[in-house]
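See structure below.
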Amino acid sequence: MKRFDYDMGIIGGGAAGLTAASGAAQLGAKIVLIEKEPQLGGDCLHYGCVPSKTLIKSARLYHQMKQADRYGLPRIDVPTVDFRRIAARIREVIAVIQEHDSEERFCRLGAKVEFGRAVFSDEHTVTLDGRSFNAAKWLIATGSSAAVPPIPGLREIDYLTNRDIFSLERLPASMIVLGAGPIGIEMAQAFTRLGSAVSVVDKAEQILSKEDADMAATTQQALEAEGVRFHLGASIEKVSGTQATKRVTITDADGKRLDLAGEAVLVAMGRSANVQNLGLDAIGVAFDRFGVEVDARLRTSRKHIFAAGDASGGYQFTHAAGYEGGVVVSNAIVRLPRKVNYTWLPWCTFVDPELASIGTNERTAREKGIEHSVWIEEFKDNDRSLAEAQTTGRIKMILDGGERPLGVQILGARAGDLISEWVALLNGGVKLSTLASAIHPYPTLGEINKKVAGSFFSPKIFSERVRKGLKLFFSLKGRACTPMECEDEAEPPPH
Ligand SMILES: Cc1cc2nc3c(=O)[nH]c(=O)nc-3n(C[C@H](O)[C@H](O)[C@H](O)COP(=O)(O)OP(=O)(O)OC[C@H]3O[C@@H](n4cnc5c(N)ncnc54)[C@H](O)[C@@H]3O)c2cc1C
């Protein structure tokens, strides 16, 4: 049998590559991890989740400062934002997390880290900077980059992507965001809150097109109320301009031609998998513009080469990439055949209010003709939401014909955290009645989970039939008061 220097080589030190490297090395495999950037961490740490959520926090706080009087505090005139200070804070947060993703840490775990741009020279060998590394197995975990569509003039202007937006020297006075997906929407709100005049353009009629229309519409209204302008159902004709002013010419949903002007243009029109220039054609690894083709065990068309994370074009989230990295370790190192299963993959768009989702949403249930029922609770009816002045949004629980949850969507404050209770419930096969009867601390936003679960059982428990039965059985005396009698002195029920 041919002997290789390494059990597995990994190309890409982002969420997928790092998870696989750490798991495989800790299991005793000899691993080489290759990263083209000077530091590990990938897009999430340097140009994605971490900087965006740090920016969003600054923007939210600034927004709240401007709204002090809503909370009974003195109204204050806040000075304008110095973006360099926000960018400095972003760098600080990245630096702390970077320690966790350091070369030294991976070396301690037992993985050799090499820096340089990897290219396959044969199906077991990768070269970088004139050096060769051979391994029995390989993992392609090269991530994705902002897709830049061939819009006339776009490549001629100095546009921004997620690689530039977190290190700007100053806040743009105005910004045109191309794309109303999660990245575009998160950035549109954050920059509006910081003081930029932001317009969002998308060809879709709905923002966040994967989500239910009602959830997306409420999100859009929340952003519009803060000043974001939307041009949906629009086609982008061309882009032009100078360093100071860029122009985006669109045909809007009514067929009217409009010239939008902005100091900055942010391209957030989806992601392209980083699969070019890896030498994949020559070694027979099939791929298209969406990514490397993989089977359910994440094997490519060459079975000893795996792909995971954004590079394989599936769910483009850090937690999906990490999960897939683990699946690759099972299949490639432990050789325990393991297939990916995304049934309960949650996600969240960190707009305010947050929009989190797990399982089947109402639209998918309808489109697939799945029998379902929808149960809704509004955040305005949650006591903590009122105290926090965060009453926008709702939770939607989708059940099958009976009491089995198919999915949950939460639009509201802390939705990304609130969905975690459903992650446990759904993955653990926990009964809905357990959630409905579990004691939750008061007053918390989390009570909304219990309440929506309880809304399924309440009509059954307090039905006329049950009441009549109990009345008869225990000789209950019945109502002490009727709505007519107590109309004037009605008290809210105790909590
Ligand atoms: C603005 C923004 C916000 C986001 N927010 C969230 C969020 O809140 N939550 C969430 O779950 N996801 C979020 N994402 C998505 C998340 O960042 C990605 O899904 C995740 O980074 C994918 O991990 P990965 O390991 O597949 O790729 P990456 O993290 O991109 O890592 C790939 C690595 O491979 C390296 N590489 C590429 N080619 C080569 C080569 N030839 N040789 C050597 N190295 C190479 C790259 O330099 C990179 O370091 C966000 C993305 C963006 C852009």
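For ligands, and for the atoms within them, numbers begin at 1 and follow the listed sequence. The first residue in the sequence is number 1, and the count goes up from there. The shown structure was predicted, so the numbers you read here are calculated from the model rather than taken from an experiment.
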Check: Considering only the protein, which heavy-atom contact is closest to atom 45 (C) of ligand 1, and what is its distance?
Finding: K36 CG, 3.7 Å

Note to self: Looking at ligand 1, is there an atom of it that comes within less than 4.0 Å of some heavy atom belonging to G116?
What the structure shows: yes

Item checked: R394 bridged to E377 by N-O distance under 4.0 Å -> no

Next item on the list: Would you check if there is a donor-acceptor pair between the side chains of S235 and E237 at a distance under 3.5 Å?
Entry: yes

Check: Roughly how far, to the nearest 0.5 Å, is the CG atom of L154 from the CG atom of L178?
Finding: 6.5 Å

Next item on the list: Please work out which of the three classes, parallel, tilted or perpendicular, describes the rings of Y323 and Y342, given edges at 30° and 60°.
Entry: perpendicular

Note to self: Any atom of ligand 1 sitting under 4.0 Å from a heavy atom of R271?
What the structure shows: yes

Margin query: Give the atom numbers and elements of ligand 1 that come within less than 4.0 Å of a heavy atom of L278.
Written below: 41 (N)

Notebook entry, point to check: Any non-hydrogen atom of K53 lying under 4.0 Å from ligand 1?
Noted result: yes

Notebook entry, point to check: How close does the nearest protein non-hydrogen atom get to atom 27 (O) of ligand 1, and which residue and atom is it?
Noted result: G143 CA, 3.2 Å

Note to self: If you take the nearest heavy atom of each of E35, R117, Q316, which one is closest to atom 47 (O) of ligand 1?
What the structure shows: E35

Checklist line | Pair R363 + E211, salt bridge at N-O below 4.0 Å | finding: no

Check: Which of the atoms of ligand 1 are close to A118, meaning less than 4.0 Å from one of its heavy atoms?
Finding: 40 (C), 41 (N), 42 (N), 43 (C)

Next item on the list: Number the atoms of ligand 1 from 1 as they appear, then name those within less than 4.0 Å of a heavy atom of A141, with their elements.
Entry: 32 (C), 33 (C), 34 (O)

Next item on the list: Using a 4.0 Å heavy-atom cut-off, say whether L128 meets ligand 1 through its side chain, its backbone, both or neither.
Entry: neither

Check: With the threshold set at 4.0 Å, does a side-chain nitrogen-carboxylate oxygen contact exist between D43 and R271?
Finding: yes

Check: Would you say ligand 1 has an N or O under 3.5 Å from any N or O of F317?
Finding: yes

Item checked: Interfacing atoms of ligand 1 (cut-off 4.0 Å, heavy-atom, C44) -> 17 (O), 21 (O), 29 (O)

Item checked: H100 atom NE2, over 12 foreign heavy atoms within 6.0 Å -> no

Next item on the list: May I ask you to check whether S144 and D310 show a side-chain donor-acceptor distance below 3.5 Å?
Entry: yes

Notebook entry, point to check: Can you list the atoms of ligand 1 that are under 4.0 Å from a heavy atom of A16?
Noted result: 25 (O)

Item checked: Atoms in ligand 1 flagged as close to Y47, the criterion being non-hydrogen separation under 4.0 Å -> 1 (C), 53 (C)

Margin query: Quick test: of every protein heavy atom, which one is nearest to atom 23 (O) of ligand 1, and how far off is it to 0.1 Å?
Written below: A321 CB, 3.6 Å

Note to self: Please report the interatomic distance CD(E103) to CZ(R108), rounded to the nearest 0.5 Å.
What the structure shows: 11.5 Å

Notebook entry, point to check: How far is atom 53 (C) of ligand 1 from its nearest protein heavy atom, and which residue and atom name does that atom have?
Noted result: N162 ND2, 3.3 Å

Note to self: Under a 3.5 Å threshold, yes or no: a donor from one side chain and an acceptor from the other, between D417 and S420?
What the structure shows: no

Next item on the list: Could you list which atoms of ligand 1 come closer than 4.0 Å to a heavy atom of D310?
Entry: 18 (C), 19 (O), 22 (C), 26 (O)

Item checked: F191 ring center within less than 6.0 Å of F83 ring center -> yes

Next item on the list: Check whether any N or O atom of D43, backbone or side chain, sits under 3.5 Å from an N or O atom of ligand 1, and answer yes or no.
Entry: yes

Margin query: Is the contact between W347 and ligand 1 made by the side chain, the backbone, both, or neither, using heavy atoms and a 4.0 Å cut-off?
Written below: neither

Notebook entry, point to check: Side chain, backbone, both or neither: which part of T318 comes within less than 4.0 Å of ligand 1 when only heavy atoms are counted?
Noted result: both

Next item on the list: Select the closest option to atom 52 (C) of ligand 1 among N274, L266, I183, judged by heavy-atom distance.
Entry: I183

Notebook entry, point to check: Is it the side chain (CB and beyond), the backbone, both or neither of C49 that lies under 4.0 Å from ligand 1, heavy atoms counted?
Noted result: both

Margin query: Are any of the N/O atoms on E37, whether in the backbone or the side chain, positioned under 3.5 angstrom from an N/O atom of ligand 1?
Written below: no

Next item on the list: Would you mind listing which atoms of ligand 1 come within a distance below 4.0 Å of any non-hydrogen atom of G309?
Entry: 26 (O)

Next item on the list: Among all protein heavy atoms, pick out the one at the shortest distance from atom 31 (O) of ligand 1; state its residue, atom name and that distance to 0.1 Å.
Entry: G14 CA, 3.3 Å

Checklist line | N331 side chain to R338 side chain, donor-acceptor N/O pair below 3.5 angstrom | finding: no

Next item on the list: Determine whether the side chains of H63 and Q189 contain a donor N or O and an acceptor N or O closer than 3.5 Å.
Entry: no

Checklist line | atom 2 (C) of ligand 1 [closest protein heavy-atom partner, distance rounded to 0.1 Å] | finding: G48 CA, 3.4 Å

Notebook entry, point to check: Angle class for the F317/W347 ring planes (parallel below 30°, perpendicular above 60°, tilted otherwise)?
Noted result: parallel

Note to self: Pairing donors with acceptors under 3.5 angstrom, does anything connect the side chains of R163 and Y47?
What the structure shows: yes

Notebook entry, point to check: Cut-off 3.5 Å, side chains only: do H440 and E421 have a donor facing an acceptor?
Noted result: yes

Check: Which of the listed options, T142, T161, I11, holds the heavy atom that is closest to atom 37 (C) of ligand 1?
Finding: T142

Notebook entry, point to check: How close does the nearest protein non-hydrogen atom get to atom 34 (O) of ligand 1, and which residue and atom is it?
Noted result: G12 CA, 3.2 Å

